[in-house]
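Report on the structure given below.
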Amino acid sequence: MSVEWWKNSLGYQIYIRSFKDGNNDGNGDLLGIIEKLDYIKSLGVDFIWINPCFESPMDDCGYDVKNYFKIDKIYGNTNILKKLIKKAHSLNIKVVLDFVINHTSIKNEWFIKSENKQEPYADFYIWKNGKLVNGKMQEPNNWQSFFGGSAWHYSEKRKQYYLSIFTKTMPDINYENDIPFIEMEKVLKFYAEMGVDGFRIDAVAHIGKNLTFEDCKNENKSFTEYSNLSNTHKYLKKFNTFFSKYNLVTMGELGGEPTKKDLLKYSKKKELDMVFSFEQLGVFSKENKIECNKLINCLKEKQQLSNKGGWSVLFWLNHDYGRLISKINGEKDPKNSQLCLAALMYFLKGTPIIYNGEEIGMQNYEFKKITDFKDVWAKNILSQSKNKQEDFKNLQENSRDHARTIMQWSGEKNAGFSESKAWTYLNKNYKKCNVEISEREENSILNNYRKIFRLRKQYINVVTYGKFKFFNNNGVLGYIINHNKDSLKITANLSGNDAVINGNKNVIYSNFTIGKTLKPYQVIIEKV
Ligand code: GLC
């Protein structure tokens, strides 16, 4: 059999609400994506991953699903999704949706039935009695949630607590029960029959909980009670029978600090085709510089996973983190630093996914007031904060809202995103940083990304089957890939100084004109 299609592919992540508004109501939508498919194709993209577009109260911008079988009305409807799939397929672009399996919205009918103990939904979620301490009712244990505060919430109706590891309105599903599997299979079947090619599996590391439900010894590390546990693997194996049955590719988000062994277990044993792990987000210093030792180690690790039979998603950012170029703005030349990082990451063995706006170097937004944040996580943190000023400062750096400002298509009104005022912010640099200008500038990040991905395709066999050897000489770092008679060498100069290079006759990519030395922030790809 030939190599699975996704191993040779480039992905593009679309934060739908902020990408392109097709009906001018201020929200990005499926029509908007259809409009931009040709642009996406021009990047060399083989598949798109669309953040959740199902009916939702939008407490967590779609990760709180009310009805999996309905497209939210701000995004369109199933007919438009079908059109999108058709057009994408005609361009040879596959379509991956976001599958939220750890939790639903509290407004989902499964939850409403569960809260009313209506069978067979009574145990669809994780319900526990409270603990009576000194005559007072308390949460079943001390577990804290990811988004702040206890992970348990009391239901007056059911007189019990439900577990909710993200936020109050997103109750966790109980996979010790068979009913959720039955319902979720229907969801997969519904979209597979519509022509969807796969799913990014949200928060999948957390679907298994420590079933003793005892207190966590270190309350601040509560996530260890519900991350990467053995029952997660058990449930995933079950899910995998559906993924295979409907021929769906899967990529799983693995938070909660998985070990290298965990990552391999998920991806080698075919529980998930590809895994997202997040070590690369730790290679930046507080001064927003790149830490070269950490960087090279992290690249090596990603590589090793794919070498050992697992498969890594290669990415620098997504909708949950600040913009890449803002993370490295302590470097003298952030734009070329980004190109160094891009070439280094995206020539590894694995599947690269770029996040909308990354390709034009979109930057973090300037949040000025505590009330500026839209994201539920930021709001939770601030509402429970003991030190608002400090938390505000942290959020100014790390808020998820940074990645969700609207896509900057042009210097026109609302950056070409919509005729109407957008649901969220527009970065004030949009007149200088947008797709239209980037298209015209020969040396823009956009056009460099195109070159990098064109080359990756051209040398895909070297990248996929080659042997990697990493090097780091005082910040001049990279790797050599050997495959049969072909060898590629990627060298990035992150040392801050000019660097000597030995011979550079066969340079096939460089972000600067080639000279006798490598300039600071120059990255080259050579055939060696
Ligand atoms: C994942 C998503 C994030 C969401 C959370 C809960 O981490 O990427 O955006 O808030 O899961 O669904």
Side-chain angles (χ1 to χ4, degrees), residues 11 13-19 28 49-66 68 72 96-108 111 125-126 143-149 151 153 162-173 175 180 184 187 199-209 222-223 226-228 232 250-258 266 272 274-281 313 315-323 353 355-358 373-381 395 398-405 424:
Q13 183 192 346
I14 300 176
Y15 198 70
I16 177 168
R17 198 167 182 189
S18 305
F19 186 63
W49 148 32
I50 305 174
N51 283 95
C53 53
F54 314 115
E55 189 180 39
S56 162
M58 299 288 162
D59 283 350
D60 189 14
C61 222
Y63 283 97
D64 45 328
V65 181
K66 180 176 174 200
Y68 287 81
D72 196 279
V96 171
L97 298 185
D98 215 311
F99 188 35
V100 188
I101 60 171
N102 180 67
H103 45 267
T104 67
S105 159
I106 207 165
K107 303 240 166 81
N108 193 302
F111 186 79
Y125 296 85
I126 301 173
W143 295 3
Q144 300 296 297
S145 67
F146 279 121
F147 289 177
H153 300 281
Y162 61 87
L163 182 73
S164 181
I165 64 168
F166 285 96
T167 191
K168 187 175 174 179
T169 53
M170 306 204 302
D172 281 51
I173 293 173
Y175 284 106
M184 289 300 187
V187 176
F199 284 94
R200 175 258 188 187
I201 320 238
D202 181 61
V204 65
H206 315 300
I207 58 176
K209 326 289 184 215
S222 290
F223 70 86
Y226 48 75
S227 301
N228 303 301
T232 295
T250 57
M251 28 192 225
E253 183 204 21
L254 295 172
E257 301 182 2
Y266 283 113
L272 295 162
M274 304 175 246
V275 293
F276 288 89
S277 63
F278 294 88
E279 321 79 29
Q280 68 275 29
L281 300 173
V313 177
F315 67 103
W316 277 115
L317 71 166
N318 68 20
H319 62 290
D320 291 332
Y321 297 91
R323 293 278 178 182
I353 299 187
Y355 178 64
N356 59 198
E358 171 185 347
F373 300 103
K374 300 207 175 268
D375 177 32
V376 58
W377 171 63
K379 285 186 180 160
N380 281 5
I381 299 247
L395 286 167
N398 300 318
S399 162
R400 308 194 302 177
D401 286 307
H402 287 302
R404 303 170 182 190
T405 60
T424 188

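In listed order, ligands and their atoms are each counted from 1. The model shown is predicted, which means the values in this text are computed figures rather than measured ones. One is the number of the first residue; the rest follow in order along the sequence.
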Name all residues meeting the side-chain hydrogen bond (donor to acceptor under 3.5 Å, both in side chains) criterion together with S56; count only those two or more places apart in sequence or in a different chain, and write none if there are none.
D64
For R323, side-chain hydrogen bond (donor to acceptor under 3.5 Å, both in side chains) partners two or more places apart:
none
Regarding S164 and H153, do their side chains bring together a donor and an acceptor under 3.5 Å, going by distance alone?
no
So, Q13 versus N318: side-chain donor-acceptor pair below 3.5 Å or not?
no
Tabulate below the donor-acceptor pairs under 3.5 Å that side-chain atoms of residues 250-257 make, not counting sequence neighbours, or state none.
residue: T250; atom: OG1; partner: D273; partner atom: N; Å: 2.9
residue: E253; atom: OE1; partner: R200; partner atom: NH2; Å: 3.4
residue: E253; atom: OE1; partner: A203; partner atom: N; Å: 2.8

Taking F19's backbone N and O only, do any of them form a donor-acceptor pair with N356's side chain (distance below 3.5 Å, no angle check)?
no
Please tabulate, one line per pair, the protein N or O atoms found under 3.5 Å from any N or O atom of ligand 1, giving the distance to one decimal.
residue: ligand 1; atom: 7 (O); partner: E253; partner atom: OE1; Å: 3.1
residue: ligand 1; atom: 7 (O); partner: E253; partner atom: OE2; Å: 2.8
residue: ligand 1; atom: 8 (O); partner: R200; partner atom: NH2; Å: 3.0
residue: ligand 1; atom: 8 (O); partner: H319; partner atom: NE2; Å: 2.8
residue: ligand 1; atom: 8 (O); partner: D320; partner atom: OD2; Å: 2.5
residue: ligand 1; atom: 9 (O); partner: H319; partner atom: NE2; Å: 3.0
residue: ligand 1; atom: 9 (O); partner: D320; partner atom: OD1; Å: 2.7
residue: ligand 1; atom: 9 (O); partner: D320; partner atom: OD2; Å: 3.4
residue: ligand 1; atom: 9 (O); partner: R400; partner atom: NH1; Å: 3.3
residue: ligand 1; atom: 10 (O); partner: D60; partner atom: OD1; Å: 3.4
residue: ligand 1; atom: 10 (O); partner: D60; partner atom: OD2; Å: 2.5
residue: ligand 1; atom: 10 (O); partner: R400; partner atom: NH1; Å: 2.9
residue: ligand 1; atom: 10 (O); partner: R400; partner atom: NH2; Å: 3.4
residue: ligand 1; atom: 11 (O); partner: D202; partner atom: OD1; Å: 2.9
residue: ligand 1; atom: 11 (O); partner: D202; partner atom: OD2; Å: 3.3
residue: ligand 1; atom: 12 (O); partner: H103; partner atom: NE2; Å: 2.9
residue: ligand 1; atom: 12 (O); partner: D202; partner atom: OD2; Å: 2.8

